[in-house]
Visitor: 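Sharing a structure here in structure tokens format.
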Amino acid sequence: MSSRDSFDICVIGAGAIGLAVVYELAKKYKNQDVSIVILEQESSFGQHVSSRNSEVIHAGIYYPAGSLKAELCVTGKELLYSHCVQFGVAHQKIGKLIVAKNSEAEALIQLKKNAIANGVLDLQLLNRAELQKLEPHIDADTALHSPSTGIIDSHSYMQSLLHLAENLGVQFSPYSRVEKIDTHANAFVVHCLLDENRNPEQYQFNCQQLINAAGLEAQSIAQSVSSVPKNTIPNLHYCKGDYFDYRGRNPFSHLIYPMPEANTAGLGIHATMDMSSQLKFGPDTEYVDKIDFEIDGNKARVFAKSISSYFPTIEAGDLKPAYSGIRPKLSGLGEAAADFEIQEESAHGVPGLIQLFGMESPGLTASLAIARHIADRVEL
Ligand SMILES: Cc1cc2nc3c(=O)[nH]c(=O)nc-3n(C[C@H](O)[C@H](O)[C@H](O)COP(=O)(O)OP(=O)(O)OC[C@H]3O[C@@H](n4cnc5c(N)ncnc54)[C@H](O)[C@@H]3O)c2cc1C
């Protein structure tokens, strides 16, 4: 970190969202002598939620029409594909199939209607024979084909954002843990602990605009801002999702999703793959009290049972624990899904502060649209 004692804009958290935000702000203030810093507690970017997910570019099918999730996912998807093409980020628009039994056919049609209301107009309903042609190993009566769903190398994506932002003058500061923020007149005083594990040092600086993009720690950062009314900070619920790798050859050429169950916290244990075509299944949903990425290998049986509803030949022995991620949810177990919460002055009364809460899926897909949304609201 340089020894400057003030920046115009400070973003906390170098995950996909914080990085997209600094890139968008750097474009907005290009050649205007505006200083922007992004603080990250870890040694590098993207070590938390942004590297523990399905890496799916979502189409925007499920979210309620008019929600931020729907709007920012649909816009973000287009921005993300263009970004990947323009800057050579590895991705594949492989498409996705939401597969259903006859008893779920009506719900599948409702899902298509919801997608249309969100502006997703390219979905196609398939019958069993059409589905069999695309995916012979799947057992389902009907399916919804989403051609605009894809996969992305999220690490390369974040790397591209950081590179572009740094070229526009953004300062990236790893090993910088924000501990507390005071508000004085029109400025924030950001207190950081630098290089916590090797050579700890306290550092503080002023900034005019502060964006809290700290993912799973957004609430604790908010708690530390002296002027934020505590009752404006939404509750945080950790919801863990485990993934299991498939040991055999990947038999699929699309992402395969079951029908989402009503009021569950995820989209169902689905089949997704990375850029090297490694097939994996997940994530499940488990509300937990603390951050712990351990996976119980015995869950393979539960996974296999769930997956066998659409991929009948799967056995528990085909699955091996891969990795897990934790969703920063705003809704608790059994509660209706909550929207992204992007709080500006109107929500908490603090000028110059923008806070992002509940940035779960589709936050990766939506990241560039979220960044534009925020850049439109930052005024120096
Ligand atoms: C299981 C799972 C599956 C998902 N699947 C998908 C998917 O397929 N498609 C999709 O679009 N989205 C998906 N998501 C959602 C997506 O991963 C997130 O929305 C996105 O990565 C959130 O990015 P972020 O920048 O907000 O958070 P993070 O990546 O967690 O970044 C926050 C950063 O803030 C830093 N930080 C925290 N506290 C401090 C502090 N005090 N000082 C300094 N730095 C700090 C952290 O170290 C971290 O790097 C999934 C999420 C999960 C958990």
Side-chain angles (χ1 to χ4, degrees), residues 1 10-22 37-60 63 69 72-73 76-77 80 96 149-152 154-155 157-158 161-162 172-181 190-194 196 211-225 238-243 255 257 265-267 269-270 272-274 280 282-286 288 291 293 322-329 340 342 355-371 374:
M1 181 117 196
C10 169
V11 174
I12 304 171
I17 294 178
L19 289 167
V21 168
V22 284
V37 66
I38 177 163
L39 303 175
E40 170 54 52
Q41 64 185 351
E42 303 292 354
S43 58
S44 186
F45 61 86
Q47 314 234 320
H48 288 253
V49 186
S50 299
S51 56
R52 295 177 166 277
N53 57 54
S54 302
E55 298 190 294
V56 171
I57 302 179
H58 285 298
Y63 320 107
K69 281 185 178 172
L72 298 173
C73 181
K77 167 185 66 176
L80 189 51
K96 138 175 170 176
T149 303
I151 50 175
I152 179 171
S154 54
H155 185 83
Y157 168 54
M158 290 188 276
L161 291 171
L162 179 59
F172 173 49
S173 183
Y175 295 113
S176 304
R177 176 170 179 76
V178 175
E179 300 207 299
K180 172 166 95 94
I181 295 142
V190 181
H191 299 259
C192 303
L193 179 60
L194 307 183
E196 195 171 1
I211 294 138
N212 172 2
L216 288 162
E217 294 198 44
Q219 273 84 345
S220 75
I221 296 278
Q223 292 284 353
S224 82
V225 184
Y238 295 147
C239 182
K240 189 170 175 229
D242 294 339
Y243 293 85
L255 307 176
Y257 282 60
L267 298 179
I269 295 177
H270 48 265
T272 178
M273 56 192 97
D274 62 20
K280 63 195 169 197
D284 63 349
T285 54
E286 183 186 353
V288 293
I291 296 180
F293 297 114
Y323 63 94
S324 64
I326 296 190
R327 308 167 180 89
K329 278 198 179 287
F340 290 152
I342 302 181
Q355 312 211 75
L356 291 91
F357 298 113
M359 306 315 284
E360 53 170 329
S361 193
L364 179 64
T365 308
S367 50
L368 289 168
I370 294 168
I374 288 170

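When a ligand or atom number is given, it counts from 1 through the structure's own listing order. Everything numeric in this text was worked out from a predicted model, so none of it was measured.
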Visitor: List in chain and number order the residues that pass side-chain hydrogen bond (donor to acceptor under 3.5 Å, both in side chains) with Tyr157, two or more places apart in sequence or in another chain; answer none if no residue qualifies.
Guide: Ser367
Visitor: What protein heavy atom sits nearest atom 40 (C) of ligand 1, and how far off is it?
Guide: Val178 N, 3.7 Å
Visitor: Short N/O distance, under 3.5 Å, between Ile12 and ligand 1?
Guide: no
Visitor: Any idea which of Gly15, Ser44, Ser324, Ser50 brings a heavy atom closest to atom 23 (O) of ligand 1?
Guide: Ser50
Visitor: How far is atom 44 (N) of ligand 1 from its nearest protein heavy atom, and which residue and atom is that?
Guide: Gln41 N, 3.2 Å
Visitor: What is the closest protein heavy atom to atom 30 (O) of ligand 1, and at what distance does it sit?
Guide: Val49 N, 3.1 Å
Visitor: So is there a nitrogen or oxygen of Arg52 less than 3.5 Å from a nitrogen or oxygen in ligand 1?
Guide: no
Visitor: Could a heavy atom of Leu216 be found less than 4.0 Å from some atom of ligand 1?
Guide: no
Visitor: Can you tell if the side chain of Leu39 reaches within under 4.5 Å of the side chain of Cys192, non-hydrogen atoms only?
Guide: yes
Visitor: Is it the case that ligand 1 has an N or O less than 3.5 angstrom from some N or O of Val56?
Guide: yes
Visitor: If you draw the axis of the six-membered ring of Tyr238, does the NZ or CZ of Lys329 fall within 45° of it and under 6.0 Å from the ring centre?
Guide: no
Visitor: Salt-bridge test for Arg327 and Glu286: reply yes if a basic N is under 4.0 Å from a carboxylate O, no otherwise.
Guide: no
Visitor: Using heavy-atom distances only, which candidate in Ile181, Thr365, Thr285 approaches atom 11 (O) of ligand 1 most closely?
Guide: Thr365
Visitor: What is the closest protein heavy atom to atom 35 (C) of ligand 1, and at what distance does it sit?
Guide: Glu40 OE1, 3.3 Å
Visitor: Looking only at distances, please establish whether an N/O atom of ligand 1 is found under 3.5 Å from an N/O atom of Arg327.
Guide: no
Visitor: What protein heavy atom lies closest to atom 16 (C) of ligand 1? Include the residue and the distance to one decimal.
Guide: Leu364 N, 3.7 Å
Visitor: Is a donor from one side chain sitting under 3.5 angstrom from an acceptor on the other, for Ser51 and Tyr323?
Guide: no
Visitor: Decide whether the shortest distance between a heavy atom of Ser176 and an atom of ligand 1 is less than 4.0 Å.
Guide: yes
Visitor: Flag Tyr243 as yes when one of its N or O atoms lies below 3.5 Å from any N or O atom of ligand 1, and as no otherwise.
Guide: no
Visitor: Applying side-chain contact (heavy atoms from CB on, under 4.5 Å), can you list everything that pairs with Ala59, at least two apart in sequence or on another chain?
Guide: Ile61, Lys77, Val120, Ser146, Ser148, Thr149
Visitor: Answer whether the closest heavy-atom distance between the side chains of Gln223 and Lys180 falls below 4.5 Å.
Guide: no
Visitor: Around atom 34 (O) of ligand 1, find the nearest protein heavy atom and jot down its residue, atom name and distance.
Guide: Gly13 CA, 3.1 Å
Visitor: Taking distance alone, with no angle check, do Met359 and ligand 1 share an N/O pair under 3.5 Å?
Guide: yes
Visitor: Using only heavy-atom distances, determine whether the side chains of His48 and Glu42 contain a donor-acceptor pair under 3.5 Å.
Guide: yes
Visitor: Kindly identify the option in Ile17, Asn53, Ile38 whose heavy atom sits closest to atom 17 (O) of ligand 1.
Guide: Asn53
